[in-house]
Amino acid sequence: MTKTTAAITAVAGYVPDYVLTNEILETFVSTTSEWIESRTGIKERRILKGEGLGTSDMCVPAIELLLKKRGISALDIDLIIVATVTPDFVFPSTSNVVCDKIGATNAWGFDLAGACSGFLFALSTGAQFIESGKHKKVIVVGADKMSAILDYTERSTCIIFGDGAAAVLLEPNNEGLGIVDSILKVDGSGRQYLHQKAGGSVKPASYQTVDAKEHFVFQDGQPVFKKAVVGMAEVSAEIMEKNNLSSEDIAWLVPHQANKRIIDATAERMGLDADKVMLNIQKYGNTTAATLPLCLWDYEKKLKKGDKLILSTFGAGFTWGAIYLKWAYNS
Ligand code: UT7
């Protein structure tokens, strides 16, 4: 009997209209466009503007486009997993809100907080429901409104991140296409280098935490950079070895978009030329859980049925990992 795999059958994204360029950042924080571009590869990022708008407001247009592309209704969806560290509320989950806003009344859902590895972890989780036969249509969204937790006077963090969302549809496949393998890792001792200090149960919000700017992203960039370069490269090489893949076998690397230097190091370790590496950091910056599906959305037209892809991430936690998948359709 052929094993049922979970294949991506559609992808769609949404980025807000407002473009925050490096040149605009220069006007209110002590930085230069040249520094940002040479150290990170970022030229601009999108920001969700508007009172009362949250992460779900980016998930909704992404999912509506996804449903339209696949020609199905929100009522056909069994499960929606939203990977995010910037949920609309601490509770209920953003997935709950999204199900309501799109009218997915037959679906259930939950949020998954894996920071920059959130989409990777959620994709692997969503795939289990397809492989087990429990569900037929699972949506996995990576979405973050990073601008909600950034201090725009702090030059080492506010220049990196942007807002965005993208979603994939997972469906059963009996041709061996879809997710083949995954290696997922966490190391909680890395939490000290990249986190949000207050707003959780350890340090609930207070006047003091607001005054001390503890609801913003804190990052000690250098140690994260060093761990990310090694972690993302090693796990990508590990999944290649485990599946007997050479660099010639791989059509595309889909890397987390945190810093172009980390992406280059990963591609080099895998023996891949730059033309096999998906890159959109220059226009969106680091959108945390949204980077991987936004890449798939941007490059969808270049993908061919059977293409072998390696998705690879590293982020806060630390969390990191890689997924090996075979693309399931021609656009
Ligand atoms: O996605 C989640 C995981 N996150 C990551 O993977 C991010 C990993 N880290 C990085 O990408 C890099 O560490 C950063 C982009 C955050 C920072 O780049 P860096 O090359 O590591 O810079 P640095 O922190 O070592 O700082 C070097 C210098 C410092 O000045 P001094 O002390 O040498 O005088 C900083 O103050 O650059 C200065 N600097 C800036 N200068 C202009 C830091 N940020 C800026 C800035 N503009 N925006």
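Counting begins at 1 with the first residue of the sequence. Each ligand, and each atom within it, is numbered from 1 in the order the structure gives.
The protein does not reach atom 28 (C) of ligand 1 closely, with no heavy atom under 4.0 angstrom from it. Within 4.0 Å of atom 45 (C) of ligand 1, at least one protein heavy atom is present. Inside a 4.0 Å radius of atom 37 (O) of ligand 1 there is at least one protein heavy atom. Under the 4.0 angstrom criterion, atom 22 (O) of ligand 1 counts as having a protein heavy-atom contact. The presence of a protein heavy atom under 4.0 Å from atom 32 (O) of ligand 1 is ruled out.
With hydrogens and angles disregarded, no donor-acceptor distance shorter than 3.5 Å links the side chain of K145 to the backbone of G162. At distances below 3.5 Å, at least one donor-acceptor pair connects side-chain atoms of D78 with backbone N or O atoms of K136. In this structure, R155 contributes its side chain and S30 its backbone to a donor-acceptor pair below 3.5 Å. Between the D163 side chain and the L48 main chain, a donor and an acceptor come within less than 3.5 Å of each other. Between the side chain of S95 and the backbone N or O of D111, no donor-acceptor pair lies under 3.5 Å. In this structure, the side chain of T4 does not engage the main chain of N173 through any donor-acceptor pair within 3.5 Å.
Atom NZ of K43 has 12 or fewer neighbouring heavy atoms from other residues, nucleotides or ligands inside a 6.0 Å radius.
Ranked by closest heavy atom to atom 5 (C) of ligand 1, the top entry among N22, I36, V224 is V224.
When hydrogens are left out, the protein atom nearest atom 25 (O) of ligand 1 is Q222 NE2, 2.7 Å; that is the closest non-hydrogen contact. Given atom 39 (N) of ligand 1, the protein heavy atom at minimum distance is W35 CZ2, 3.4 Å. In terms of protein heavy-atom proximity, atom 2 (C) of ligand 1 is closest to C116 SG, 3.1 Å. Ranking the protein heavy atoms by distance from atom 47 (N) of ligand 1 puts T31 OG1, 2.7 Å first. The protein non-hydrogen atom at the shortest distance from atom 12 (C) of ligand 1 is N259 ND2, 4.0 Å. Summary of contacts: the protein heavy atom closest to atom 30 (O) of ligand 1 is R155 NH2, 4.3 Å.
For ligand 1 and I160, the ligand atoms under 4.0 Å from any heavy atom of the residue are 16 (C). Taking a cut-off of under 4.0 Å to the non-hydrogen atoms of Q219, the atoms of ligand 1 that pass are 4 (N), 5 (C), 7 (C), 16 (C). Close approach to R39 involves these atoms of ligand 1, each under 4.0 Å from a residue heavy atom: 19 (P), 20 (O), 22 (O), 27 (C). Close approach to N286 involves these atoms of ligand 1, each under 4.0 Å from a residue heavy atom: 1 (O), 2 (C). Atoms of ligand 1 lying under 4.0 Å from any heavy atom of A258, numbered from 1 in the order shown and given with element: 1 (O), 5 (C), 6 (O).
The distance between the ring centers of W297 and Y299 does not fall below 6.0 angstrom. A ring-centre distance under 6.0 Å is found for Y329 and W327.
With a 6.0 Å cutoff to the six-membered ring centre and a 45° limit on the axis angle, K134 does not count as a cation-pi contact of F129.
Ring planes of Y193 and F318: parallel class, angle under 30° (limits at 30 and 60°).
At a heavy-atom cutoff of 4.0 Å, ligand 1 is contacted by both the backbone and the side chain of F225. With a 4.0 Å heavy-atom cut-off, ligand 1 is reached by the side chain of I262 but not by its N, CA, C or O.
Between K101 and D57 there is a salt bridge, since a side-chain N of the basic residue sits under 4.0 Å from a carboxylate O of the acidic one. In summary, D17 and R46 do not engage in a salt bridge, as defined by a charged side-chain N under 4.0 Å from a carboxylate O.
The shell of residues lying under 4.0 angstrom from ligand 1, judged by heavy atoms, includes T40.
Where the criterion is an N or O separation shorter than 3.5 Å, residue side chain and backbone included, G221 meets it with respect to ligand 1.
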